[in-house]
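The structure presented is a predicted model; accordingly, all values stated were derived computationally and were not measured. These values consider heavy atoms only, across backbone and side chains, with no hydrogens, waters or symmetry-generated copies.
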Amino acid sequence: MAPIPISSVKVGHIDDVQELRKTKPTIIPERFVRDKTERPTSLTAPIPSSSGIPTINFSKLSSGNTDELRTEISQLATACKEWGFFQVVNHGIDLSRLESIEKVAQGFFMLPLAEKQKYPMAPGTVQGYGQAFVLSEDQKLDWCNMFALGVEPKFIRNPSLWPTNPEKFSETVEVYSKEVRKLCQNLLKYIAMSLGLKGDIFEKMFGEAVQAIRMNYYPPCSRPDLVLGLSPHSDGSALTVLQQGKDNSVGLQILKDDRWVPVQPIPNALVINIGDTIEVLTNGIYKSVEHRAVTHKVKDRLSIVTFYAPSYEVELGPVQELVDENTPCKYRRYNHGEYSKHYVTNKLQGKQTLEFAKIQSKSSN
């Protein structure tokens with residue numbers, strides 16, 4: 001989430017999808033209409049295996065007996081290795097915190113457009129209100145409005161982008177983010193243990209971890225079969241924590257065995273996914289997974305996403321304990337700040353940005 005303005009980027013006219021929905025509810029501008037190969041055809045054929053997305057009971061990790069801990073860590077390992085996504089229940093974040101962040105996020109998106117535009121997302125950056133990852137005038141757009149903020153460390157914040165309206169917005173984001181930060185730190189400890197590593201290995205490696213929050217609002221769309229709410233991508237973070245709006249439409253889909261699987265939200269659960277950084281650190285044992293968002297004809301959808309990643313200063317590469325002659329090193333060492341810059345200055349396109357870190361085999365030269 002480092003602020004990296006690209007002054008030369010020309011993005012053309014970008015319609016605000018909420019305003020489009022209000023003023024021209026049946027019109028889908030050409031920039032939102034996806035090529036036929038990208039359209040969300042799975043909307044017409046829901047995949048029954050969606051219930052198979054693993055669920056992890058955090059309370060059994062944090063306060064269970066030895067047998068419960070061992071069993072849950074084994075399930076966590078399976079979830080990370082086979083899915084790269086899981087829903088976490090009994091995560092320890094009070095329900096009132098989830099309700100409060102949802103309330104202020106919804107409140108922000110319901111403000112008049114002129115008020116939201118006081119916090120613009122400049123081309124080539126990923127903080128503020130607008131659409132991120134738009135880097136050309138002919139790029140296809142997502143049916144989504146975003147509002148994103150850098151949270152930790154403090155120097156990544158842009159104070160002019162933190163709104164005073166809705167009331168208590170900033171205070172609510174601060175309190176919520178502290179709770180999610182603790183959850184990420186704990187999950188990384190158990191993920192390390194699931195690999196046979198020391199529980200504090202990632203915390204020591206990460207330095208002062210970078211944390212950002214992004215709120216996504218997907219208005220209804222008259223032709224959900226033509227658009228995407230969010231383009232397919234993997235996350236550049238170590239972990240991503242997703243809170244889905246209460247009673248919203250099902251919008252998140254993950255790519256599993258070459259099929260798009262919808263994630264059915266569990267009430268009060270949080271969805272966790274493995275980011276590119278963990279794929280690199282685990283030498284590909286745990287892989288980041290492509291995911292996307294689709295829209296709904298009559299229902300809107302709100303999501304609140306936290307990205308948790310290493311300090312921009314640290315050098316990263318596969319953990320030595322996970323590399324041997326049978327599993328050679330698949331990723332080079334690199335500076336995480338450089339990777340973050342690379343990630344935010346490229347459009348969302350599957351797992352393309354992870355090529356930055358891969359060691360190319362001799363046969364591919």
Side-chain angles (χ1 to χ4, degrees), residues 28 32-56 74-89 133 140-144 191 216 218 220-221 223-237 239-245 248-267 269-280 282 284-299 301 303 305 330 343 346-355 358:
I28 311 294
F32 291 92
V33 177
R34 294 285 171 156
D35 296 337
K36 287 184 178 177
T37 55
E38 292 184 310
R39 292 177 189 174
T41 51
S42 59
L43 277 183
T44 56
I47 300 166
S49 65
S50 59
S51 58
I53 291 170
T55 301
I56 299 299
S74 175
Q75 290 181 358
L76 178 64
T78 301
C80 292
K81 192 167 188 176
E82 296 184 5
W83 287 85
F85 266 81
F86 55 90
Q87 299 200 60
V88 62
V89 297
F133 308 104
K140 291 295 183 184
L141 300 174
D142 293 329
W143 193 264
C144 176
I191 286 170
N216 304 316
Y218 307 92
C221 180
R223 292 294 306 273
D225 56 316
L226 298 180
V227 307
L228 284 174
L230 194 59
S231 300
H233 65 287
S234 61
D235 294 335
S237 56
L239 290 181
T240 301
V241 180
L242 169 70
Q243 178 180 333
Q244 306 198 69
N248 283 191
S249 62
V250 177
L252 173 64
Q253 297 183 341
I254 68 173
L255 192 62
K256 169 76 169 162
D257 301 327
D258 297 321
R259 298 189 71 184
W260 288 105
V261 180
V263 177
Q264 303 286 348
I266 297 172
L270 295 170
V271 179
I272 312 294
N273 67 275
I274 298 296
D276 294 346
T277 299
I278 290 295
E279 176 167 337
V280 170
T282 66
I285 296 171
Y286 295 165
K287 290 183 170 61
S288 61
V289 172
E290 273 188 65
H291 50 287
R292 69 182 186 182
V294 297
T295 61
H296 194 276
K297 196 163 188 174
V298 294
K299 282 186 170 184
R301 177 172 176 260
S303 66
V305 190
K330 297 175 183 175
Y343 187 92
N346 281 274
K347 70 177 184 177
L348 297 180
Q349 192 171 11
K351 292 187 66 169
Q352 194 63 37
T353 49
L354 191 57
E355 294 299 315
K358 285 184 178 175

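The shortest distance between side-chain heavy atoms of Trp260 and Ile254 does not fall below 4.5 Å. Looking at heavy atoms from C-beta onward, Val305 lies out of side-chain contact with Val241 at the 4.5 angstrom threshold. For the pair Glu279 and Ser234, the minimum side-chain heavy-atom distance is 4.5 Å or more. Residues Val250 and Pro265 meet the side-chain proximity criterion, which asks for heavy atoms closer than 4.5 Å. Two residues are said to be in side-chain contact when any heavy atoms from C-beta on lie closer than 4.5 Å; Asp225 and Arg39 fail this criterion. By the 4.5 Å heavy-atom criterion applied to side chains, Val271 and Gln87 are counted as neighbours.
Listed by chain and number, the residues in a salt bridge (charged side-chain N to carboxylate O under 4.0 Å, His left out) with Arg34 are Glu38, Asp142 (sequence neighbours excluded). With sequence neighbours excluded, the residues that form a side-chain contact (heavy atoms from CB on, under 4.5 Å) with Lys297 are Pro224. For Phe85, the ring pair (Phe, Tyr, Trp, His ring centres under 6.0 Å) test picks out His291, with sequence neighbours left out.
One finds the CG atom of Leu230 at 6.0 Å from the SG atom of Cys144 (value rounded to the nearest 0.5 Å). The distance from atom CG of Asn248 to atom OH of Tyr218, rounded to the nearest 0.5 Å, is 10.5 Å. Atom NZ in Lys287 sits 13.5 Å away from atom CD1 in Ile278 (nearest 0.5 Å). Distance check, rounded to the nearest 0.5 Å: CD1 of Ile191 to CD1 of Ile272 gives 8.5 Å. With rounding to the nearest 0.5 angstrom, the CD1 atom of Ile266 is 9.0 Å from the CD1 atom of Ile53. Interatomic distance, CZ of Arg301 versus CG of Asn216, reported as 7.5 Å (0.5 Å rounding).
Under a 4.0 Å N-O distance rule, the pair Arg259/Asp257 does not qualify as a salt bridge.
Heavy-atom minimum distance, Ser249 versus Lys299: CB-CB, 3.8 Å.
Among Thr240, Asn273, Asp276, Asp235, the one residue that satisfies the side-chain hydrogen bond (donor to acceptor under 3.5 Å, both in side chains) test with Ser288 is Asp276.
Remark: side-chain polar atoms of Thr277 are not paired, donor with acceptor, to backbone N or O of Leu239 under 3.5 angstrom. Although no hydrogens or angles enter the test, the distance criterion places a donor-acceptor pair under 3.5 Å between the side chain of Trp143 and the main chain of Pro220. In this structure a side-chain-to-backbone donor-acceptor pair under 3.5 Å is present from Lys140 to Val33. Counting only distance, with no hydrogens or angles, the side chain of Lys256 and the backbone of Val289 share no donor-acceptor pair below 3.5 Å.
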